[in-house]
Amino acid sequence: MLGYICKYAPVEVFESMGLKMERIEPDVTNFNQAEIRMHPNICSFAKGVLEEVMRGEYEGVILTTCCDSIRRLYDVLREEFPDKFIYMLDTPRITKDAGITLYEQRIRAMIREYEEFSGKTFDENEFCGFLKGKEEEQQYAVKSNSVNIGIIGARANESIKKILAENGANVAFDLTCTGLGRKVLVEEDNILNGYARGLLSQFPCMRMEQAANRDELIKRSAGSVDGIIYHTVQFCDNYAYEYAWLKGWLDRPLLLLETDYTRQSGGQVRTRIEAFLESLSSGQDNAQGTGTGSRTGRAGRLQDAAERGKKGDGPMYVMGIDSGSTSTNAVIMDQDRKIKAFSVVRTGAKSGVSAERALKDVLEKAGLTREDISWIVSTGYGRVSIEFADENVTEISCHGKGAHYFNPKIRTILDIGGQDSKAIRLNENGEVKDFVMNDKCAAGTGRFLEMIARTLEVSLDELGAIALTSQEKIEITSMCSVFAESEVISLIANNKEKADIADGVCHAIANKASGLLRRVGMEPEFMMTGGVAKNPGVVRAVEEKIGSKLYICDEPEIVGAAGAAVYALEKCGV
């Protein structure tokens with residue numbers, strides 16, 4: 001079996017010789033082997049390929065000259081596997097006749113090397129017959145009565161398409177490195193030349209000639225879909241630049257999905273995609289059921305609630321529950337959109353157990369029973385683990401609904417929670433226009449503040465208060481949680497005051513938050529949500545950084561849960 005990674009790889013050449021070809025799609029949890037053998041700045045995709053090859057049963061790997069990281073991967077594989085067929089095929093950057101002739105020559109050179117390596121023989125007549133038996137792979141197409149999504153950028157793996165399918169979205173096209181069906185040309189009088197022509201006539205990747213033509217092809221395709229996901233591998237500069245360029249002129253909603261090809265990124269990827277779909281389908285029911293109870297029973301309860309809401313036969317109650325990394329928050333709301341009760345409990349080791357505690361607490365406070373609640377919507381990272389919920393909606397959409405509920409003037413939200421930060425931009429109806437999330441890093445989150453508070457030997461509540469008494473400006477230069485803690489320890493050793501250090505930490509968080517807000521587009525009025533909104537030092541620092549006041553409701557932790565409750569009312573037709 002030979003592995004390959006690029007759509008320009010001459011897969012059919014080897015298949016005609018009886019080899020099994022497998023496209024390498026990394027699915028790893030760590031880069032242990034790659035960290036030993038490769039430079040830290042090598043991209044995560046190249047590292048993931050190395051991990052897969054080292055644990056797989058490959059006779060060899062076919063690489064192409066797409067970027068410097070793949071060239072370095074080639075060097076490492078040659079060093080690690082001198083007895084395997086590790087081949088770097090230099091793909092031309094031009095797609096005209098000269099490039100086609102050059103690519104044919106290089107493919108022939110590769111065939112000769114493989115024949116010498118394996119003892120097998122390539123036969124052009126057999127290859128021609130093999131190509132004639134190939135069927136063009138089905139291209140994606142727009143479907144009616146469905147949210148149609150296009151995928152562009154680099155190497156969108158199957159998990160992205162799976163999440164889209166689970167949420168009822170149709171992938172209308174995939175223009176990434178591994179997306180479209182291969183174009184196979186059969187020219188019997190010059191079989192390899194025609195074959196090379198077909199390979200180079202595929203949708204051009206970023207390294208190919210005529211980037212403007214690539215832009216034109218993207219624009220032409222984009223007009224047929226409701227929204228576009230732009231996928232790229234973390235720290236891949238070429239595609240990051242293209243995303244910034246496309247965002248300036250593409251007239252379709254655009255989601256940047258940057259992944260590091262590890263399984264750990266799955267939760268954030270799902271949240272981003274589902275929030276994007278919800279923003280596209282704001283007028284439709286795009287939430288997904290999660291519990292284990294009867295769907296038929298739920299449908300009946302929903303219909304009863306809707307009828308009661310229309311007739312006004314007594315009070316109707318719904319619940320929103322937000323399962324976050326630090327706290328689990330529940331809100332019970334009546335048909336008049338008044339909050340009957342709310343609860344904030346600490347999230348423990350199991351989100352489902354914490355949700356049960358929040359449910360029990362909020363029902364007791366409201367003087368109600370579970371049977372009194374017509375519909376429950378869950379949100380937050382633990383939303384899919386809440387079995388008693390009737391459906392779930394992402395925290396992005398719920399924070400938008402919640403912010404609009406508390407203050408309809410809000411257009412930009414900064415949400416700093418226990419483990420992540422988000423900036424969300426709304427329209428006048430409280431619907432999400434755009435959003436960005438921080439990556440897999442605790443910097444600037446509630447966990448970060450907890451760690452700094454422990455280092456300063458103050459409570460989390462004290463940290464923000466003492467920051468307001470600062471007399472000396474101290475700059476925390478590192479936003480990495482580990483390095484920032486080391487920096488704080490050094491400042492303590494230099495006899496700096498706790499208040500000054502706390503203020504420096506608050507301003508470091510404000511700098512990071514400002515970056516998120518600028519990426520999403522700063523539009524007044526501003527609101528801050530999440531537990532960190534209770535920290536007066538951070539609030540002051542953010543206001544200074546953005547030059548505007550932040551609206552903060554009395555209980556900023558329950559904004560997501562309140563938004564989920566509003567979703568529940570809308571589901572019941574109220």
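The model shown is predicted, which means the values in this text are computed figures rather than measured ones.
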Is there a donor-acceptor contact under 3.5 Å linking the side chains of D415 and T529?
-> yes

Between D372 and K340, is there a side-chain N and carboxylate O pair less than 4.0 Å apart?
-> no

In a check of side chain to side chain contact (heavy atoms under 4.5 Å, CB included) between I228 and each of L255, L246, I152, I151, which one passes?
-> I152

For the residue pair S514 and N511, confirm or rule out a side-chain donor-acceptor distance under 3.5 Å.
-> no

With a cut-off of 6.0 Å (strictly less than), are more than 12 heavy atoms of other residues, nucleotides or ligands near NZ of K534?
-> yes

Please assess S470 against D500 for the test side-chain hydrogen bond (donor to acceptor under 3.5 Å, both in side chains), listing each intermediate value before the final yes or no.
-> CA-CA 5 Å; S470 170; D500 298 331; 2.8 Å; yes

Are R155 and F45 in a cation-pi contact, defined as NZ or CZ under 6.0 Å from the six-membered ring centre and within 45° of the axis?
-> yes

Which pair of non-hydrogen atoms, one from R411 and one from P524, has the smallest distance, and what is that distance?
-> CG-O, 3.3 Å

Can E158 and K161 be counted as an ion pair, charged N to O under 4.0 angstrom?
-> yes

Could you tell me whether the side chains of T394 and E278 share a donor-acceptor contact shorter than 3.5 Å?
-> yes

Modelled atom types, side-chain donor and acceptor of T347 and T328, under 3.5 Å | yes

For residues G537 and A467, report the shortest heavy-atom separation together with the two atoms involved.
-> CA-CB, 4.2 Å

Can you find a pair of side-chain heavy atoms, one from E51 and one from K47, that are under 4.5 Å apart?
-> no

Do R383 side-chain atoms and G380 backbone N/O form a donor-acceptor pair below 3.5 Å?
-> yes

Do H404 and E428 have a side chain donor and acceptor closer than 3.5 Å?
-> no

To the nearest 0.5 Å, how far apart are CD in E364 and CG in L359?
-> 10.0 Å

Answer with yes or no whether the side chains of T176 and H231 bring together a donor and an acceptor at under 3.5 Å.
-> no

Contact check, side chains of T326 and E450, non-hydrogen atoms, under 4.5 Å = yes

Salt-bridge criterion met for K409 and E525 (N-O under 4.0 Å) | no

Could you verify whether a donor N or O on one side chain and an acceptor N or O on the other, from N392 and S378, lie under 3.5 Å apart?
-> no

OH on Y243 to CG on L256, rounded to 0.5 Å = 5.0 Å

Distance-minimising heavy-atom pair for V345 and S354 = CG2-O, 3.7 Å

Please name the pair of heavy atoms, one in S397 and one in Y567, separated by the smallest distance, quoted to 0.1 Å.
-> CB-OH, 3.3 Å

Hey, are K401 and E570 close enough for a salt bridge, meaning a charged N less than 4.0 Å from a carboxylate O?
-> yes

Minimal non-hydrogen separation, I396 against V432, with atom names | O-CG2, 3.9 Å

Distance-only, no hydrogens or angles: does the N494 side chain make a donor-acceptor pair with backbone N or O of S490 under 3.5 Å?
-> yes

Without hydrogens or angle criteria, can the side chains of D361 and S343 be said to hold a donor-acceptor pair below 3.5 Å?
-> yes

Show the numbers, then the answer: is there a side-chain contact (heavy atoms from CB on, under 4.5 Å) between I149 and F276?
-> CA-CA 10 Å; I149 300 296; F276 184 59; 4.2 Å; yes

Could you go step by step and tell me if L164 and L277 meet the side-chain contact (heavy atoms from CB on, under 4.5 Å) rule?
-> CA-CA 8 Å; L164 289 168; L277 293 176; 4.1 Å; yes

Is there a side-chain contact between F31 and L50 (heavy atoms, below 4.5 Å)?
-> no

Could you tell me whether R270 and E274 make a salt bridge, using a distance below 4.0 angstrom between a side-chain N and a carboxylate O?
-> yes

Identify, with sequence neighbours excluded, every residue that meets ring pair (Phe, Tyr, Trp, His ring centres under 6.0 Å) alongside F435.
-> none

Should M319 and V362 be marked as a side-chain contact (heavy atoms from CB on, under 4.5 Å) after you check the CA-CA gap, both sets of side-chain angles, and the distance that decides it?
-> CA-CA 9 Å; M319 180 188 294; V362 76; 3.6 Å; yes

Using modelled atom types only, decide if a donor and an acceptor are shared between the side chain of Y405 and the backbone of R337 within a distance under 3.5 Å.
-> yes

Rounded distance [0.5 Å steps], NZ in K422 versus NE2 in H399 = 6.0 Å

Heavy-atom side-chain contact between D322 and V559 under 4.5 Å = no

Any N535 side-chain heavy atom under 4.5 Å of C506 side chain = yes

Residues S69 and C43: closest non-hydrogen pair is OG-N, 3.4 Å

E457/R454 salt bridge by N-O under 4.0 Å criterion = no

Side-chain heavy atoms of D390 within contact of V377, under 4.5 Å = no

In plain terms, say whether E258 and R272 are close enough for a salt bridge, that is, a side-chain N and a carboxylate O under 4.0 Å apart.
-> no

Are N329 and I321 side-chain neighbours, meaning at least one heavy-atom pair lies under 4.5 Å?
-> no

Between CZ on residue R425 and OG1 on residue T412, distance to nearest 0.5 Å | 7.0 Å

Test side-chain hydrogen bond (donor to acceptor under 3.5 Å, both in side chains) on S459 and E462 and set out the steps.
-> CA-CA 5 Å; S459 71; E462 290 179 285; 3.2 Å; yes

Non-hydrogen side-chain atoms of I273 and L257 separated by less than 4.5 Å | yes

Could you walk me through whether D226 and R252 pass the salt bridge (charged side-chain N to carboxylate O under 4.0 Å, His left out) check?
-> CA-CA 7 Å; D226 301 299; R252 285 292 183 274; over 6 Å; no

Rounded to the nearest 0.5 angstrom, the CG-CD1 distance for L460 and I452 is 11.0 Å

Any chance you could lay out the salt bridge (charged side-chain N to carboxylate O under 4.0 Å, His left out) test for R540 and D503, step after step, and finish with the verdict?
-> CA-CA 10 Å; R540 183 184 70 174; D503 182 62; 2.9 Å; yes

Return yes if a side-chain donor-acceptor contact under 3.5 Å exists between N427 and N429, otherwise no.
-> no

Donor-acceptor contact present, side-chain D334 to main-chain D336, <3.5 Å = yes

Before giving the answer on side-chain contact (heavy atoms from CB on, under 4.5 Å), spell out for K247 and Y230 the whole-Å C-alpha distance, their side-chain angles and the decisive distance to 0.1 Å.
-> CA-CA 10 Å; K247 190 174 182 180; Y230 192 98; over 6 Å; no

Give a yes or no on whether the backbone of K549 and the side-chain of E543 come within a donor-acceptor separation of less than 3.5 Å.
-> no

Once you round to the nearest 0.5 Å, how far does OH of Y317 lie from OG1 of T369?
-> 11.0 Å

